[in-house]
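To keep things clear, I will list the structure first and then write my remarks on it.
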Number of protein chains: 2
Amino acid sequence: MNDQYHHGDLKNALIQAGIEILSKEGVQALSLRSVARRAGVSHAAPYAHFADKEALIAAIAAEGYRKLYAKLTAAQQASGDPLVRLHQTAFAYLQFALDEPDHFRITFAGVVEAERDYPEYVEQSQRCYALVVELVKACQARGLFTDEDTQLFAVSIWSSIHGFAQLAIANQLPGALVSRKSIHDIFRFHLRQLLAGLEKP
Amino acid sequence: MNDQYHHGDLKNALIQAGIEILSKEGVQALSLRSVARRAGVSHAAPYAHFADKEALIAAIAAEGYRKLYAKLTAAQQASGDPLVRLHQTAFAYLQFALDEPDHFRITFAGVVEAERDYPEYVEQSQRCYALVVELVKACQARGLFTDEDTQLFAVSIWSSIHGFAQLAIANQLPGALVSRKSIHDIFRFHLRQLLAGLEKP
DNA sequence: CGCGTTATCTTGACGATGTAAAGATGCTGC
DNA sequence: GCAGCATCTTTACATCGTCAAGATAACGCG
């Protein structure tokens, strides 16, 4: 009943159509009309479900966070060592950005001019953040990290990983380095530095 | 002779107009026509200087890197200690992002779908990166960092700082934390962790 | 000095886009 | 079974990126 109507679940169909366009044609091809076309409805049909283009983008961004969350949790194979899980999570984060650069970008930059808030987006965002917080807590519980402010650790970790992913998909990692080492090797070094700063002496 | 023509230096006038629009109205207001209007020329005049909208954005992005470079070097007050200069540079980086979020964003994400290359953009990008490399070299020369691959250090540092700036302007730093501590204090902690990982034991 | 060439800019046009208004369609609850 | 409402289509409009054709003015070559 949430989204059922004449032709099925259009709201989610539009979101999925948008994600496909991001993946196959890039962000410049993402328009309300192209999304409607792909979903097989008229160009004004989306307005029954989204106030405007920004609201659709917010929904796509929320879905980006949801997908990211799924990939991050899936990457954490049953391992007792929280540091291992942190590594796995970080690589999954990078991989999502490399696999779906436009979806990743829009997830973090699409909903900016909004004084409006999009509760679904905020919720998914916080769920991802909570995942990092949990990892930090696990590390602290094992005495791997100091007992300083958990949130600060989480923000620091997220920043480092996020920044690398952003630079990588923006093609801003220096070409001389990338031709010499794989992105994953560079990232491995980055993670090593990050953990060296975090771990309790 | 480079850009002089009927009404003055239109090419740069258009770039500056674009930057002002980014600053005052945001990225959604940046159009070739709005830029032309602000520069006081007809809507097709930009095509004498830019092949298309993406070329204008590339020029705005290059100018973003140029401004960033200026702010980063200006922030490095005459201090012998390269760690101090690194701190100053990092804060200037964050400040630029906070002051001009849309210009900052477009600098790093605007020229993405380009298989074309924009030499001016690449040059300015590399100049900024070289600045970080120089800082790392100075730290290594003083024995503060190990003599491992300088480029890897530089990428790691840039990633950490860049990621924090991105999350900050995307409003993705957790609200509970931001209401408790200033962004600058959170950043200070982040930098402390970063340097703890980098410094030679 | 004069004239043609070329870079710069204007005007007008076209298709695409975001969005609003008005109408059609079909579900849903009373 | 009917009224109301959510959903969807059609039509319309301003704005956008881009192109083509023309005007204008600087510049080079004779």
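This structure is a prediction, so every number in the text was calculated from the model and none was measured. All values below were derived from every heavy atom in this structure, side-chain atoms included, with hydrogens, water molecules and symmetry-related copies excluded. Below, chains carry the letters A, B, ... as their sequence lines are ordered, and counting in each starts from 1.
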Q. Using a cut-off of 4.0 Å between protein heavy atoms and nucleotide atoms, how would you tag nucleotides 10-19 of chain D 5' to 3' with B, S and -?
A. BBB---BBBB

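When rounded to the nearest whole Å, the span between CG of A/Leu14 and P of C/dG18 equals 13 Å. The distance between atom CG of A/Leu56 and atom P of C/dT19, rounded to the nearest whole Å, is 10 Å. C/dA16 atom C1' lies 14 Å from atom CD1 of A/Ile21, rounded to whole Å.
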Q: Would you please test A/Arg66 and A/Glu120 for salt bridge (Lys or Arg N to Asp or Glu O under 4.0 Å) and show each step?
A: CA-CA 10 Å; A/Arg66 200 192 308 271; A/Glu120 171 73 3; 2.2 Å; yes

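With sequence neighbours excluded, the residues that form a side-chain hydrogen bond (donor to acceptor under 3.5 Å, both in side chains) with B/Thr146 are B/Glu148. In terms of the side-chain contact (heavy atoms from CB on, under 4.5 Å) criterion, residue partners of A/Val122 (sequence neighbours excluded) are, by chain and number, A/Gln126.
Here the options are B/Leu22, B/Ile106, B/Ile169, B/Val27, the test is side chain to side chain contact (heavy atoms under 4.5 Å, CB included), and the partner is B/Pro101; only B/Ile169 passes.
Residues B/Gln88 and B/Arg85 have side chains that never bring a donor and an acceptor to within less than 3.5 angstrom of each other.
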